[in-house]
Amino acid sequence: MAMIVGVLGIQGAYTRHVEMLARLGNVSPRTVRFADEFDDLDALIIPGGESTTFTILLERWGLRDRIIAFLNSGRPIWGTCAGAVVLCSRILDRNKEVDIKPLCAVDVAVERNGFGRQVDSFEADVKIELAPGGSAIFNGVFIRAPRFSELGKAVKALGWLGQEPVMIEHGNALLTSFHPELTDDTTIHRYFVGKLADAKEEVV
Ligand code: GLN
């Protein structure tokens with residue numbers, strides 16, 4: 001049976017994730033917007049967008065508690081860019097207008113727009129190592145990307161821009177500060193869906 005992977009579709013760059021997932025085979029992508037749509041999902045992606053807007057909408061639509069329950073169920077969850085901000089534990093740059101309340105999926109601090117406004121967007125090689133000893137180069141698309149720091153002991157880095165971790169994992173949660181869905185390369189989407197197979201094995 002196809003795995004159902006939800007993409008939070010309330011704001012931001014969600015359609016490209018749906019298109020990437022559709023290319024994988026054996027995955028049925030689904031855009032989710034309402035609290036009652038999470039139950040039969042096998043995994044969930046929170047896309048890029050604006051983390052301040054996500055904070056307001058998650059609260060207003062009653063989705064915050066729903067996503068926390070999803071996390072606690074052990075199913076895989078992946079945040080890209082603003083989605084990574086939503087899933088971190090601490091925000092280093094306090095926003096005066098909107099207090100972002102992160103969901104604490106990954107023990108890491110995040111600085112929003114951390115790569116500096118003068119280079120709001122750029123593409124650069126990211127070295128990824130998704131299996132021990134098997135590194136590869138992935139085209140990282142960074143758009144006002146967050147910067148990760150203060151990684152907790154249980155957090156594993158899987159991708160680096162130079163020396164800096166830009167793809168990290170903590171248990172069932174994966175964060176990328178860049179946008180793999182804006183490339184043609186399905187490697188990281190495949191990796192995420194692979195996590196789902198692992199999570200299922202653990203349950204059995
Ligand atoms: N800077 C945005 C934020 O902090 C993220 C931008 C993006 O998702 N491309 O919400």
Side-chain angles (χ1 to χ4, degrees), residues 5-21 29 31-33 43-61 63-64 67-68 71 76-126 128 138-151 155 158-161 164-170 173-186 188-189 192:
V5 179
V7 184
L8 189 67
I10 56 175
Q11 197 251 342
Y14 57 88
T15 49
R16 290 294 293 262
H17 274 299
V18 171
E19 287 164 18
M20 287 296 253
L21 292 167
T31 305
V32 291
R33 297 196 174 90
L44 176 66
I45 297 176
I46 304 188
E50 207 44 62
S51 48
T52 47
T53 310
F54 273 128
T55 297
I56 296 167
L57 294 180
L58 291 183
E59 206 74 63
R60 188 178 296 165
W61 294 11
L63 297 175
R64 187 181 159 78
I67 295 174
I68 290 173
L71 265 169
I77 188 160
W78 174 17
T80 52
C81 203
V85 175
V86 170
L87 291 173
C88 77
S89 297
R90 301 173 294 285
I91 310 276
L92 295 179
D93 63 309
R94 306 308 303 179
N95 182 294
K96 291 186 186 69
E97 286 87 43
V98 181
D99 191 18
I100 297 173
K101 283 200 281 173
L103 300 176
C104 303
V106 173
D107 182 9
V108 68
V110 155
E111 184 190 353
R112 296 174 60 242
N113 307 312
F115 286 99
R117 293 193 183 274
Q118 73 281 18
V119 281
D120 272 347
S121 305
F122 59 94
E123 290 185 31
D125 285 353
V126 170
I128 55 173
F138 193 91
N139 179 32
V141 179
F142 293 82
I143 304 172
R144 291 180 305 115
R147 231 168 167 152
F148 302 141
S149 64
E150 302 170 15
L151 275 64
V155 177
L158 299 173
W160 298 263
L161 177 66
E164 181 161 345
V166 290
M167 175 174 182
I168 58 177
E169 183 175 77
H170 187 179
L174 177 69
L175 306 186
T176 50
S177 60
F178 54 100
H179 287 266
E181 79 284 7
L182 298 182
T183 71
D184 277 336
D185 188 341
T186 53
I188 297 179
H189 285 79
F192 178 62

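First listed ligand is number 1; within each ligand, the first listed atom is number 1.
You'll find the side chain of S89 reaches within 4.5 Å of the side chain of C104, heavy atoms only. Within the 4.5 Å cutoff, the side chain of R16 has no heavy atoms near those of the H179 side chain. Under the 4.5 Å side-chain criterion, counting only non-hydrogen atoms from C-beta, T31 is in contact with R33.
Inclusion of T52 in the set of residues having an N or O under 3.5 Å from an N or O of ligand 1 is not warranted. Taking any N or O of G49, backbone or side chain, at least one lies under 3.5 Å from an N or O belonging to ligand 1. Looking at V85 next to ligand 1, no N or O pair under 3.5 Å apart turns up. Remark: ligand 1 and H179 share an N or O pair separated by less than 3.5 Å (distance only, no angle test).
Distance from atom 2 (C) of ligand 1 to its nearest protein heavy atom, with residue and atom name: E50 OE2, 3.6 Å. Given atom 7 (C) of ligand 1, the protein heavy atom at minimum distance is C81 SG, 2.9 Å. Remark: minimum distance from atom 1 (N) of ligand 1 to any protein heavy atom is reached at N113 OD1, 2.6 Å.
Each of the following atoms of ligand 1 lies closer than 4.0 Å to a heavy atom of G48: 8 (O). Per-residue contacts place R144 under 4.0 angstrom from the following atoms of ligand 1 (heavy atoms of the residue considered): 1 (N), 2 (C), 5 (C), 6 (C). Atoms of ligand 1 found under 4.0 Å from any heavy atom of S51, numbered from 1 in the order shown, are 3 (C), 4 (O), 10 (O).
Here the OG atom belonging to S177 is positioned 14.0 Å from the CZ atom belonging to R112, to the nearest 0.5 angstrom. Taking CZ from F192 and OG1 from T176, the interatomic distance works out to 10.0 Å, rounded to the nearest 0.5 Å. Remark: E181 CD to W78 CH2 distance equals 7.0 Å, nearest 0.5 Å.
Closest approach of F148 and M167 over heavy atoms only: CE1-N, 4.2 Å.
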